Amino acid sequence: MDKLLIKGGNSLAGTVEISGAKNAALPELCAALLTADSVTLENVPALQDVATMLKLIRNMGVQAERSQARPSTVTLNAGALSSPEAPYELVKTMRASVLALGPLLARFGEATVSLPGGCAIGSRPVDQHIKGMQAMGAEIVVEHGYMIARLPAGQKRLKGASITTDMVTVTGTENFLMAATLAEGETILENAAQEPEIGDLAEMLIKMGARIEGHGTRRIRIQGVERLHGCTHQVVADRIEAGTFLCAVAATGGDVVLKAGRADHLDAVIDKLREAGAVITAGDGFIRIQASGRMKAQSFRTTEYPGFPTDMQAQFMALNAIAQGASAVTETIFENRFMHVNEMVRLGAKIQIEGKVAVMEGVEKLSGATVMATDLRASASLVIAGLVAQGETMVDRIYHLDRGYDQMEAKLRGIGADIERVRS
Ligand code: EPZ
C-alpha cells in the first residue's frame, strides 16, 4: 500500500488547477445510460472512483473511452447494453454505484444492483432510493444482498410521482432526477438536495433533452419525455478539492491561487476561513487565499448544502487543531465521521469526542508521526496536519485519498510542499 511522506513546515505559494468534481462525474457517467446516443464528458477527474464507475458501466456493456489527446475527456455509448447489473465486487468498493439504479430502470425497465453495505463513515443505507423507485412504479425485492428491480408486467415506463424523502439525500435526489427524465408524466421531488453537483447533473440532462426545473432548490419538477439524445458536457469544478486546498494554505500560511475554483459553491467554508483570519478573493474562474500567522479556531456544524459541507469537516478540523483557541465541531450528517480524530491526536492535537461533537483546543504545534488514513476526507485532513507538523509525517493507506483526489501530492509539491509518494 502506497504511503505519503511529508516534511512539515513549508508555507505554500503558487497556482493549483482544480479538477472536475468527483461527485458530479459519478452521476454524470451513469446519466449516459439514459440514451442510445454517444455522450461526451469533459473535465472528468483521474480518480480511483471514476475508474471504478467506468469499470461498472463497461461491465454492463457501455462503450467508454478516454480521449488519447485529452485524458479528461470521456466518450460513452450505452446503445447496446448487455447486463443491467451492478455486482457486489464493484459496489462494495464504491457506494455511488447505486446511481445506476435509476437510469437502468428508466431506460431498460430492470436493474439488479448490489446493496452497498456500510463504509467507514456510516451504515449508508439506501432505503430512500428504494422508496423513491417504488413510488415511480418499480417493484423491488431485496434478496441475497441485491436490489432486484423490475417494472410490473405490461408497464413499459416508470410513472411520474411526488417523492418526499425522510431526509435530504444527494445520490437519492440524483437517482430520482435521472429516473424521472424518462418516466411517464410529471415527477416532483420535495426535500431535494441542493448540492452544486445536482445542478450540474440537471444541466447535463437538460442538454440531453430532459425537462427539469427547480434544480438547486428543495423542490425539483421533471416532465418525463420519450427519449433523450446525446450531448457534450463539462463536469463542474470540485468544490471539495478546492476547499481542501484552502484549508491547507490557511494552516501552513502562504499565497495560492486556485484556477477553476468556484467560490460561489463554497460560501459556508470561505466565510469560516475569513473569520479565522484568511484573506480570500475570488473572480471568474479563480479563488485566491492569502494567510499569514496563526488562524483563529472556528466552531461549525455540518448540514446539507448550502450549509457547511460534511465533506469539509475533517479538513477544517486539521486547521482548528493548530489554530488559536477552542472550537466545537458538530457532525450532523454521518454517524461515524470522526475517525481522523484519533490519528490527529497522535500528531499532538487536543480533541475530545462527545457524541456528535468534537471539542478542540488549538495547540502551538503538531509533531510528525506515522498515521493511518481511514476514509477519503480523513486522509486529506491527515495530509494537511502533516504539512504543518514538525518533522516527518507518514500517512499510510492512501488508497483512500486516491479515490477522490486527482494527483494531490503533485499539486501540493507544485506550490512548495515537501511531500512524496512512497510506493510499497
Ligand atoms: C453523497 O453521499 C456524497 N457522495 C458524499 O461524499 C457526501 O458526504 C454526502 O452525499 C453528503 O453530502 C457522492 O455524491 C458520490 P446522502 P450520499 O444520501 O448520497 C442517510 C465524499 O467524501 N441516508 O446525502 O451517499 C445517510 O446515511 C463522499 O465525496 C439514508 O438513511 O449521502 C446519511 O446519514 C462521502 N437512507 C444522510 O442520509 C438513504 O437511502 C445523507 O446521505 C440515503 C441516505
Side-chain angles (χ1 to χ4, degrees), residues 26-36 57 60 78 81 84-86 91 95-116 124-143 146-195 197-199 201-202 204-206 208-228:
L26 295 177
E28 290 168 4
L29 288 166
C30 290
L33 293 166
L34 291 166
T35 177
I57 59 178
M60 297 176 189
L81 220 64
E85 289 221 359
V91 175
R95 166 187 167 75
S97 308
V98 71
L99 286 164
L101 179 66
L104 287 175
L105 265 176
R107 173 125 177 273
F108 301 99
E110 59 174 317
T112 302
V113 177
S114 168
L115 289 170
R124 311 293 295 275
V126 289
D127 57 303
Q128 302 297 307
H129 296 248
I130 293 172
K131 170 181 165 183
M133 293 301 147
Q134 288 171 332
M136 296 177 81
E139 291 169 348
I140 301 185
V141 293
V142 176
E143 56 185 30
Y146 278 80
M147 293 179 275
I148 301 167
R150 298 275 179 280
L151 293 186
Q155 190 180 318
K156 287 261 173 288
R157 294 166 72 186
L158 289 169
K159 293 195 180 319
S162 176
I163 302 173
T164 304
T165 47
D166 300 349
M167 81 293 291
V168 174
T169 159
V170 171
T171 50
T173 301
E174 290 165 345
N175 247 332
F176 308 147
L177 186 56
M178 291 191 280
T181 59
L182 292 176
E184 192 175 346
E186 178 179 71
T187 296
I188 306 276
L189 305 184
E190 305 284 2
N191 203 16
Q194 295 177 259
E195 274 67 7
E197 293 76 27
I198 307 260
L201 171 63
M204 174 187 171
L205 294 168
I206 289 167
M208 295 170 70
R211 294 172 54 198
I212 301 169
E213 55 189 36
H215 43 291
T217 73
R218 282 275 180 262
R219 190 171 192 271
I220 305 177
R221 286 179 59 183
I222 307 107
Q223 300 296 338
V225 295
E226 290 279 328
R227 70 178 52 76
L228 295 179

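Keep in mind the model is a prediction, meaning the values are calculated, not measured.
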Full working for side-chain contact (heavy atoms from CB on, under 4.5 Å) between Arg95 and Val126 | CA-CA 10 Å; Arg95 166 187 167 75; Val126 289; 3.7 Å; yes
Checking side-chain contact (heavy atoms from CB on, under 4.5 Å) for the pair Thr187/Leu158: CA distance, chi angles, key distance, verdict?
-> CA-CA 10 Å; Thr187 296; Leu158 289 169; over 6 Å; no
Please walk me through it: do Leu205 and Leu34 pass side-chain contact (heavy atoms from CB on, under 4.5 Å)?
-> CA-CA 9 Å; Leu205 294 168; Leu34 291 166; 3.6 Å; yes
After noting the C-alpha distance and the side-chain angles of Ile220 and Phe176, does the key distance pass the side-chain contact (heavy atoms from CB on, under 4.5 Å) rule?
-> CA-CA 10 Å; Ile220 305 177; Phe176 308 147; over 6 Å; no
With salt bridge (charged side-chain N to carboxylate O under 4.0 Å, His left out) as the test, would you mind laying out the steps for Glu213 and Arg221 before giving the verdict?
-> CA-CA 5 Å; Glu213 55 189 36; Arg221 286 179 59 183; 3.6 Å; yes
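With hydrogens and angles disregarded, a donor-acceptor distance shorter than 3.5 Å links the side chain of Lys131 to the backbone of Thr164. No donor-acceptor distance shorter than 3.5 angstrom exists from the side chain of Arg157 to the backbone of Gly224, with no hydrogens or angles considered. Looking only at distances, a side-chain donor or acceptor of Thr165 sits under 3.5 Å from a matching main-chain atom of Met167. Here the side chain of Arg218 pairs a donor or acceptor atom with the backbone of Ala192 at under 3.5 angstrom. Side chain of Thr173 to main chain of Ala193: a donor-acceptor pair is present (N/O by atom type, distance under 3.5 Å, no hydrogens or angles). Using modelled atom types, no side-chain atom of Glu190 and backbone atom of Ser162 make a donor-acceptor pair closer than 3.5 Å.
Heavy atoms only, all atoms of each residue included: Ala135 and Ile163 are closest at CB-CG1, 4.2 Å. A pairwise comparison of heavy atoms in Ala111 and Leu104 identifies CB-CB, 3.7 Å as the closest pair. The two residues Met136 and Ala179 have their closest heavy-atom pair at CE-C, 3.9 Å. Looking at every heavy atom in both residues, Leu228 comes nearest to Gly209 through CD2-C, 3.6 Å. For Gly137 against Pro152, the heavy-atom pair with the smallest separation is O-CD, 3.2 Å. Listed here is the closest heavy atom pair of Leu105 and Ala138: CD1-CB, 3.8 Å.
We find the CD-CD distance between Gln134 and Glu139 to be 9.5 Å, quoted to the nearest 0.5 Å. From Glu186, atom CD reaches atom CZ of Arg211 across 9.5 Å, with rounding to the nearest 0.5 Å. Atoms CG and OG1, from Leu189 and Thr217 in turn, are 9.5 Å apart once rounded to the nearest 0.5 Å. From Leu26, atom CG reaches atom CG of Leu99 across 7.0 Å, with rounding to the nearest 0.5 Å. Within the model, atoms NE2 of His129 and CD1 of Ile140 stand 11.0 Å from one another, a figure rounded to the nearest 0.5 Å. Atoms CE and CE, from Met208 and Met178 in turn, are 10.0 Å apart once rounded to the nearest 0.5 Å.
At least one side-chain heavy atom of Asp166 sits under 4.5 Å from a side-chain heavy atom of Gln128. Val170 places a side-chain heavy atom less than 4.5 Å from the side chain of Ile198. Side-chain contact between Glu197 and Glu174: present, with at least one pair of heavy atoms (C-beta onward) separated by less than 4.5 Å. Put simply, the side chain of Leu81 does not reach to within 4.5 Å of the side chain of Arg107, judged on heavy atoms. Looking only at side-chain heavy atoms (C-beta outward), Met147 and Leu101 come within less than 4.5 Å of each other.
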